[in-house]
Amino acid sequence: MSARTARRFGVRAVLAVAGALLVAGSLTLLVVLVLTKSPGLRRLDQRIEQSIHAYVVQRPALEDALRVGSTVLHPRVMWVVVGVTAITLWRRGLRRHAVWAVVTIAVGASIDTPIKELIARSRPVFDNPVATAPGYSFPSGHALNTMVVGAGAVVLGWGATRGRPWRRTALLGGAIALVLLTGFDRVGLGVHYTSDVVGGWLIGLAVVLASTAAFNLGVRPAERDAGEPASPPSGENRSPS
């Protein structure tokens, strides 16, 4: 690894760790509020949930769309997406990135249920529910897994979209849309509170940030996976990075 590449990785690794710590702090505060049954958080959650529930039940077409969304955005579907992505990366020689993708989604998927059991928060209850779901409420597994996929796509695609602003904008826009649509789907169906969704987002983002730093993904894939590129002959012009 060249000195320039090492410095570049060092800066990005520090930023990734700092971001993970910041997200972890926000998540810790949210978990404390949920565990202590904060009246303020409860009122906010219930107000949002009741408003969105009332909006959805008056629109049967929206109900149907949300049910379809629940299936399309299911964690198992996200796992398949990551699996296909990992195979593609592996076949292209980006094996570190392929393993990173699998490990990251595996960690996110494996911690969902234990956290639910630990927090043991009941799901929202309505006299006329749009949908029901088993298990506890916090965090939203759908929100957690789609955040891992969305944020992971940004990590993988960031270098490839360098110098292509419209592609980078599309990448960010698509990831944000995936995450927000999932959040609205879970709250709209009445199976999660808003804070459950936010908790899933924070956990998913923390997992991606931490694994990105751990796998040294702050450098360009070709350099990391294929080894240190050979130095050009003396006097040969180097292309700008």
Side-chain angles (χ1 to χ4, degrees), residues 1 5-6 8-28 31 72-119 135 138-162 171-172 174-176 178-179 182-183 197-228:
M1 182 187 297
T5 298
R8 188 178 293 169
F9 162 68
V11 171
R12 294 178 183 178
V14 169
L15 290 175
V17 172
L21 292 175
L22 179 62
V23 171
S26 301
L27 177 62
T28 300
V31 169
V72 173
L73 300 169
H74 195 279
R76 291 188 182 89
V77 176
M78 297 298 107
W79 302 344
V80 171
V81 170
V82 173
V84 172
T85 301
I87 292 172
T88 302
L89 291 170
W90 187 275
R91 295 185 62 169
R92 290 183 178 179
L94 304 178
R95 296 184 175 182
R96 178 192 297 273
H97 292 69
V99 174
W100 169 82
V102 172
V103 170
T104 301
I105 195 68
V107 170
S110 65
I111 63 178
D112 176 34
T113 299
I115 295 177
K116 277 186 168 71
E117 295 293 333
L118 178 64
I119 304 298
F138 185 96
S140 165
H142 280 66
L144 191 162
N145 282 272
T146 51
M147 173 58 82
V148 170
V149 170
V154 172
V155 170
L156 291 174
W158 197 252
T161 57
R162 179 179 301 169
L171 175 66
L172 288 172
I176 292 171
L178 173 68
V179 168
T182 303
V197 170
V198 174
W201 288 343
L202 290 173
I203 294 170
L205 185 57
V207 169
V208 172
L209 289 172
S211 65
T212 298
F215 273 75
N216 296 2
L217 294 189
V219 296
R220 286 179 290 183
E223 291 180 0
R224 289 302 304 172
D225 293 350
E228 189 68 27

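The CD1 atom of Ile115 sits 7.5 Å away from the CD1 atom of Ile119 when rounded to the nearest 0.5 Å. Once rounded to the nearest 0.5 Å, the distance linking CE of Met78 with CD1 of Ile105 reads 8.5 Å. Rounded to the nearest 0.5 Å, atoms CH2 (Trp100) and OG1 (Thr212) are 4.5 Å apart.
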Distance-only check: which donor-acceptor pairs under 3.5 Å involve side-chain atoms of residues 83-93, not counting sequence neighbours?
{"residue": "Thr85", "atom": "OG1", "partner": "Val81", "partner atom": "O", "Å": "2.9"}
{"residue": "Thr88", "atom": "OG1", "partner": "Val84", "partner atom": "O", "Å": "2.9"}

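Minimum heavy-atom separation, Val207 to Gly108: CG1-N, 4.2 Å. Heavy-atom minimum distance, Ser211 versus Thr104: OG-OG1, 2.9 Å. For the pair Val154 and Ala175, the tightest heavy-atom approach, listed with the atom from each and the gap, is CG2-CB, 3.8 Å. Shortest non-hydrogen contact noted between Val23 and Ala206 is CG1-CB, 3.8 Å. Residues His142 and His74 share a closest heavy-atom pair of NE2-CA, 3.5 Å.
For Val197, the side-chain contact (heavy atoms from CB on, under 4.5 Å) partners are Ser140, Ala143, Arg186, Val187, His192, Trp201, not counting sequence neighbours. With sequence neighbours excluded, the residues that form a side-chain contact (heavy atoms from CB on, under 4.5 Å) with Val103 are Val99, Val107, Phe215. Remark: Leu118 pairs with no residue by the side-chain contact (heavy atoms from CB on, under 4.5 Å) rule, at least two apart or across chains.
For residues 104-115, the set of pairs meeting the salt bridge (charged side-chain N to carboxylate O under 4.0 Å, His left out) definition, not counting sequence neighbours, comprises Asp112-Lys116.
Applying side chain to side chain contact (heavy atoms under 4.5 Å, CB included) to Ile203 and the options Asn145, Val148, Leu144 leaves one that passes, Leu144.
In this structure the side chain of Leu73 reaches within 4.5 angstrom of the side chain of Leu178, judged on heavy atoms.
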- Step by step, work out the side chain to side chain contact (heavy atoms under 4.5 Å, CB included) result for Thr113 and Glu117. CA-CA 6 Å; Thr113 299; Glu117 295 293 333; 4.2 Å; yes
- Before giving the answer on side chain to side chain contact (heavy atoms under 4.5 Å, CB included), spell out for Met147 and Val208 the whole-Å C-alpha distance, their side-chain angles and the decisive distance to 0.1 Å. CA-CA 9 Å; Met147 173 58 82; Val208 172; 5.9 Å; no
